[in-house]
Structures are given as structure tokens and as C-alpha cells.
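Heavy atoms only: backbone and side chains are in, while hydrogens, waters and symmetry mates are out. In what follows, chains are A, B, ... by sequence order, proteins preceding strands, each numbered from 1.
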Amino acid sequence: MNSAVDLRARLADLLRAALENSIPQAPSVDVVLERPKSADHGDYACNVAMRLAKPLKRNPREIATGIVSALPESEIVRKAEVAGAGFINLYLDPGARQQVVPAILDAGSDYGRLDVGRQEKVQVEFVSANPTGPLHVGHGRGAAFGASLANVLEVAGYDVTREYYVNDAGRQMDILALSTWLRYLEVAGQHPPFPENAYQGDYVREMARAIYQQHAKRYVHAVEEVYCDVPAADVDGEAHLDALIGNAKDALGPDYGYIHDFALTEQLGDCRNDLLEFGVEFDVWYSEKSLFDAGLVATAMEQLDARGHLYQKDGATWFRSTEFGDEKDRVVRRDNGQYTYFASDIAYHVNKLERGVERVIDVWGADHHGYIARVEGALGALGVDAANLTVALVQFAVLYRGGKKVAMSTRSGEFVSLRELRGEVGNDAARFFYVLRKSDQHLDFDLDLAKSQSNDNPVYYIQYAHARCSSVFEKWGGDPDSVGNADCSLLVEQGEVSCLQKLLEFPEIIEAAARDLAPHLVAFYLRELAAAFHSYYNSTPILTDDESQRAARLALVASVRQVLRNGLALLGVSAPDKM
RNA sequence: GCGCCUGUAGCUCAGAUGGAUAGAGUGUCGGUCUCCGAAGCCGAAGGUCGUGGGUUCGACUCCCGCCGGGCGCGCCA
């Protein structure tokens with residue numbers, strides 16, 4: 001990005017120079033500029049004098065005065081003054097602020113692009129829902145957050161890979177395959193009891209019908225065979241399922257793989273389409289099964305064992321995670337010989353970091369927080385630096401309907417799907433709504449409210465500002481590209497200054513959002529920019545008769561529109577020219 | 001019981017490395033379209049920042065205790 005408009009960095013440089021000149025012996029301290037809440041305190045304020053007061057044992061106002069008088073002459077500073085307990089308030093030269101307009105018009109969709117990431121390779125893994133059914137609204141939050149975060153990181157200068165971890169190897173997939181097969185038997189005219197804890201959703205029936213349509217009775221087996229030696233469901237539901245799965249595998253033989261893969265392909269494809277429609281795309285769909293096929297799980301376990309971190313107990317294999325701060329040791333291999341999810345997850349994380357990624361960000365639901373310690377512990381045990389792993393926890397999106405909490409469970413089939421939500425409130429509103437609060441804040445998603453208030457959704461306020469900008473240009477009828485040469489020194493109205501100030505802030509917001517993994521900052525920023533524009537629009541005519549004034553104002557409008565567009569793009573929200 | 005998150009205006013939420021008079025939306029009330037889009041704008045009312053201590057020039061922010069809410073603590077994923 002054009003450093004000429006990075007005024008904050010330039011001001012900080014000036015202050016550092018002044019500090020160096022006025023107090024050469026000062027201890028090194030960060031010179032940070034903040035935006036004062038009140039406009040009476042200038043455009044930027046610095047508290048470095050107050051921070052130095054203690055180590056230097058000097059009056060902060062006295063230090064500040066010294067810095068201000070040593071401030072190098074600069075075209076971007078109109079005034080610098082000492083205020084309050086020792087703040088240094090800086091007032092921008094109007095010309096410096098006006099510079100942002102040509103800078104934005106010049107950079108276009110690249111305005112806001114930074115280099116703070118230095119092209120460091122970052123992988124963001126998100127959603128990663130089991131492909132055992134449609135995505136629900138909880139996944140939607142992870143999807144919206146992860147996608148927006150990845151966009152923010154990318155624009156901040158990171159080399160981002162978006163990854164979806166496909167749990168295609170576990171028991172849940174077997175349960176789905178079993179569920180599909182049982183429904184298939186129903187379609188084929190049989191009446192096997194359908195376990196309560198199998199997947200109940202209608203989509204299972206649909207898959208069953210599709211299989212029956214293609215293959216007729218090829219996979220039919222007698223109910224007695226299916227339920228041979230199966231323990232009662234009401235005694236141990238899980239054992240009941242496991243026995244059924246075992247029988248299904250025995251009965252179907254190689255055909256079991258067909259059912260399994262059919263269900264997997266079907267659900268994963270559905271998931272992918274759903275996300276695609278939601279504006280969420282992935283670079284890598286990483287298969288858990290491939291970890292096993294490549295022997296990576298076994299290798300990771302061998303390495304843990306060789307380093308003395310595994311032991312046997314009760315027929316199972318345990319990882320001594322307590323040595324790494326976990327509350328208790330964890331099983332990596334069950335007494336039936338099956339690896340746990342944890343085992344493949346260890347291999348997966350080792351693999352991620354070995355793929356040349358410098359930093360891994362996992363976006364997880366908050367209910368997985370207890371999982372962090374053991375994964376980090378396992379990485380540490382294998383000599384992999386867990387500091388390269390950041391887990392961004394996204395709190396629950398709790399759904400309300402009719403003022404009551406909606407129970408969500410994929411297995412019971414009682415959930416509101418992401419697709420359903422998108423259909424009700426629209427993709428734009430859904431994407432925006434999801435990132436409108438910080439990730440560690442619980443999200444109360446009131447469906448009735450989201451539906452009934454869809455016209456009041458804050459996203460429309462921002463899109464409306466964008467449409468207004470476009471409409472001004474349409475009304476004007478001139479060539480939008482021609483405003484680039486406008487004389488921006490004419491932008492001196494209060495509303496214009498507020499807009500300029502907000503436009504200048506955009507790169508700062510990107511930087512903060514990337515640093516804090518907080519895409520919600522972008523959403524809040526866009527609201528403020530839209531507000532500044534709406535206010536300006538109502539106070540000042542843009543299409544005036546004065547040609548140069550009109551050109552300057554149009555240039556400002558074009559800049560606002562560009563930044564709204566850039567910001568909305570980060571959040572995956574469209575920027576319509578008409579509404 | 002232990003761990004993570006959380007408590008800010010009637011409601012939903014922002015408050016970056018501790019900074020100046022704690023902000024926005026929504027709701028309520030009052031203004032505002034012979035004029036570029038009223039899905040807008042302008043104004044008013046609305047607060048013991050859960051609570052009690054501590055740290056210091058200064059605490060919504062950091063530390064400790066307590067109270068309330070959510071989640072987790074499986075040979076499930």
C-alpha cells in the first residue's frame with residue numbers, strides 16, 4: 001500500500017525523532033498514536049510523555065513540551081500541542097488528509113492492502129464439520145468468521161491458505177453409512193427398527209432413495225441378519241450402533257464401502273455447495289482418511305512412543321498429556337484397536353506445520369476449548385513448536401425461535417440448517433450478522449427477529465450508502481474515471497473532513513483486525529464510514545454548479561464507495577449499485 | 001469441584017498496547033422530503049461499566065476474592 005497515506009506511521013516517526021532529539025537518554029519505549037475520542041484533542045494523540053515520566057522522574061507535561069518543541073517541521077502536521085496530564089495532540093494538515101482521496105482512487109480495490117504480514121504463510125482451518133449432514137447455523141458462524149478472517153489476513157499481507165479438514169475416517173461416518181443403509185432397506189420394503197441415535201434427517205432418506213433408484217435391491221439383506229446378536233438399544237445405545245455397523249460391514253462386504261462413500265460424497269458435495277453459495281471457498285479439502293492411508297497417524301504414534309510419551313492401560317494406549325499441562329491423560333488408541341479422533345488430529349497438526357506453513361489458525365467451536373491443551377501438548381511432545389498454532393474459539397450461536405431456545409442436533413435431525421437461514425435472511429445479512437460481534441461473544445440468533453427485521457439489518461445501512469454513491473454518479477452522468485484529477489483541497493466542509501478521517505482509518509482497521517483475529521472490527525468500521533457518508537450526503541449537495549467543487553466532492557464519493565466496496569468484500573457481502 | 005468464555009444504556013453490542021467528558025445500533029420522544037435515493041438525516045432522554053478489594057499519576061481495560069450466565073471436563077467427534 002501507498003505509504004504516503006499511512007499518516008499515523010509518519011507521525012509516529014516524527015515523534016520518535018523529536019523524542020530522540022529532546023531526550024537522547026530516554027529509555028526505549030513504544031511511540032504509539034491513538035485516535036482521541038473527542039475531536040477537541042486533535043486527530044491523533046500520543047501518551048509517550050506520560051509513559052516516560054516515571055522512568056525519567058520528570059514531569060510528563062515538561063517532557064511533552066520538550067518533544068513538541070523538538071518536533072521536526074512537517075507538511076502533514078498543522079499543529080502539535082500539549083494537553084491534559086501530558087498528552088501530545090497532533091492536528092493534521094488538511095492537505096495531508098485530502099491526499100487520501102487520490103490515493104484511494106489510485107489504489108482502487110488495493111486500498112487497505114498492507115504488508116504487515118510480510119507474506120508469512122498462514123493456514124486458516126475452519127468449518128471442518130463432519131460430512132454427516134447439512135451444515136447448521138452453528139457451522140455458519142464458523143464459516144463466516146473464518147472466511148472473513150482469512151480475507152482480512154490476506155489483505156494485511158499474509159499468504160493465506162483456507163483449509164477444510166474432512167472427517168471422513170471416523171465412526172460418525174460409519175453411523176451415517178449405517179443410517180443410509182437402514183433407510184435403504186425401508187425403501188426396499190423392509191422394516192428394520194431405526195435406532196434413535198442414528199441420523200434421523202430426511203436427507204438420509206433421500207440418499208437411500210437415490211441408491212435404490214440406481215441399484216434396486218442389490219444391497220438388500222434380511223433384517224434378521226442385520227440385527228443378529230445386536231445388544232439392545234435401550235441398554236447401551238452406542239454398543240447397539242457399533243454392533244449394527246459391524247453387521248453392516250459383514251453383510252455388505254465390499255459394498256459397504258460403496259454405501260459409505262456414496263453418503264460421504266453426497267454430504268460433502270452438499271456442504272461444499274452450501275458454502276460456495278455462502279461465499280465461502282477453500283483451497284484445500286484435507287482428508288482425515290488420507291492421513292491413515294499415508295501412515296501418518298501410525299508414524300506420529302510411533303514417534304510419541306519413541307519419545308516415551310505413551311503407555312498402556314486397560315488395553316488402551318494413552319498419551320501422557322498431563323506432562324504438558326492437560327488435566328488428565330488421553331487415549332489415542334482404544335482397546336478395540338481403533339485410533340481416537342485425537343490420534344489423527346495429532347498427525348494432522350504435525351502434518352500442517354510440516355507442510356511449510358509458518359502459522360496455523362484453527363477456528364473451533366468454543367465447546368472444543370478443552371481440546372487445545374492436549375493438541376498443544378502432543379505437538380510439544382513431538383518437538384513441534386506449538387506457538388505456531390493459534391486456536392481461535394468461536395462461541396456458540398444460540399438459536400431462538402418464538403423466544404425459546406432451539407435445540408440443535410445433527411443426529412436428531414432437529415436443527416435449522418445454514419441453507420434455511422440463508423434463504424430466510426439472505427446471504428449478505430447472514431454473513432454480516434455473524435461477524436457483527438466478536439468471536440468470543442455468545443451470539444443470540446433470534447430467528448424471528450432475523451426474519452422480521454431483515455429490512456432493518458445493519459448490512460442494508462451500509463449497502464444503502466454504497467448504492468447512494470453509485471446513484472450520485474448515475475445522476476451526474478459523467479465519466480467516473482475523470483474525477484481522479486479533482487482538486488481535493490476544496491474538501492473542507494465538516495462532513496468532508498469526517499469522511500476523509502474515516503477513509504484514512506481503513507488501513508488501521510485492517511491492521512487491528514488482522515492482529516487481533518477480529519473481523520468484526522471491519523463490520524463496525526463500515527457502519528461508521530457509512531454513517532459519516534450519510535451525514536455528509538444530507539448536509540452537503542454534491543452535484544453543485546461549481547465545476548471544480550463538484551469534481552472534488554465526486555472524488556470523495558468515489559473514494560467512499562471504493563472503501564465500502566473493499567470492506568464489504570472482506571466480509572463476503574455484496575455492494576449493490578441499486579437496492 | 002476444575003478449566004475456558006462472558007456480565008457496559010430498556011434491549012443487542014463496540015470500547016487496540018491501561019489514558020482526557022464510557023460510545024453505537026435498536027427502542028422511546030421530538031424535528032426533517034417543492035432540493036443528488038427518507039432503507040436516510042438532526043436532536044432529546046437513557047449509565048453505581050455485576051460486585052468488593054488491590055496495583056498507579058490514571059482502571060471498562062491488569063491482579064485477587066465473591067455473585068450471575070454459557071460451554072467443557074468420554075476408550076464421542
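Ionic pairing of A/R8 and A/E34 is not present here: no N-O contact between side-chain nitrogen and carboxylate oxygen is shorter than 4.0 angstrom.
If you take atom P in B/G30 and the same atom in B/C62, they sit 42 Å apart, rounded to whole Å. Nucleotides B/C11 and B/A16, compared at atom C1', are 27 Å apart to the nearest Å. Nucleotides B/C75 and B/U12 place their P atoms 38 Å apart, quoted to the nearest Å. To the nearest whole angstrom, the two C1' atoms, one in B/C60 and one in B/U51, are 14 Å apart. Straight-line distance between the P atoms of B/A24 and B/A9: roughly 14 Å, to the nearest whole Å. Look at the P atom in both B/C49 and B/G3: the space between them is 28 Å, to the nearest Å. When the P atom is compared between B/G23 and B/U48, the two are found 15 Å apart, to the nearest whole Å. When the P atom is compared between B/G52 and B/U61, the two are found 13 Å apart, to the nearest whole Å.
The side chain of A/Y464 places an N or O atom within less than 4.0 Å of a non-bridging phosphate oxygen (OP1 or OP2) of B/A39. A close approach under 4.0 Å does not occur between any side-chain nitrogen or oxygen of A/K438 and OP1 or OP2 of B/C5. Remark: A/S535 is in phosphate contact with B/C42, judged by side-chain N or O atoms under 4.0 Å from OP1 or OP2. Between A/Y461 and the phosphate of B/C41, there is a side-chain N or O to OP1/OP2 separation shorter than 4.0 Å. Side-chain nitrogen and oxygen atoms of A/Q441 include at least one within less than 4.0 Å of the OP1 or OP2 phosphate oxygen of B/A14. At the phosphate of B/G58, neither OP1 nor OP2 sits under 4.0 Å from any side-chain N or O atom of A/R51.
Across the interface with RNA chain B, nearest-nucleotide mapping of A/L443 and A/T340 shows A/L443 to be the residue nearer the 5′ end. Each of A/F396 and A/E34 was matched to the nucleotide of RNA chain B holding its nearest heavy atom; the match closer to the 5' end belongs to A/E34.
Across the protein-nucleic acid pair, A/L436 atom CG and B/A14 atom C1' stand 9 Å apart, rounded to whole Å.
A distance-only check finds no donor-acceptor pair linking the side chain of A/S574 to the backbone of A/P576 [under 3.5 Å].
Note on A/A316: a base of the nucleic acid sits closer than 4.0 angstrom, heavy atoms only.
In this model, no donor atom of one side chain and acceptor atom of the other lie less than 3.5 Å apart for A/D428 and A/Y460. Between the side chains of A/Q172 and A/T132, no donor-acceptor pair of N or O atoms lies under 3.5 Å. A side-chain donor-acceptor contact under 3.5 Å links A/S344 and A/E288.
A/Y164 and A/Y286 have their aromatic ring centers separated by at least 6.0 angstrom.
Using the six-membered ring where Trp is involved, A/Y537 and A/F533 have ring planes that are tilted, between 30° and 60° apart.
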| said: Show me the dot-bracket string of RNA chain B, counting Watson-Crick or G-U pairs under 3.5 Å, with | for pairs to another strand and [ ] for crossing ones. | reply: (((((((..((((.....[...)))).(((((.......))))).....(((((..]....))))))))))))....

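A/Y339 carries A/R333 over the face of its six-membered ring, with the cationic atom under 6.0 Å from the centre and within 45° of the normal.
Across residues 514-531 of chain A, A/R515, A/H520, A/L521, A/F524, A/R527 each have a non-hydrogen atom less than 4.0 Å from an atom of RNA chain B (numbered order).
Base orientation of B/C73: anti, the glycosidic angle falling outside 90° of 0.
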| said: Run A/F145 and A/H520 through ring pair (Phe, Tyr, Trp, His ring centres under 6.0 Å) and show every step you take. | reply: CA-CA 9 Å; A/F145 172 81; A/H520 76 278; 9.0 Å; no

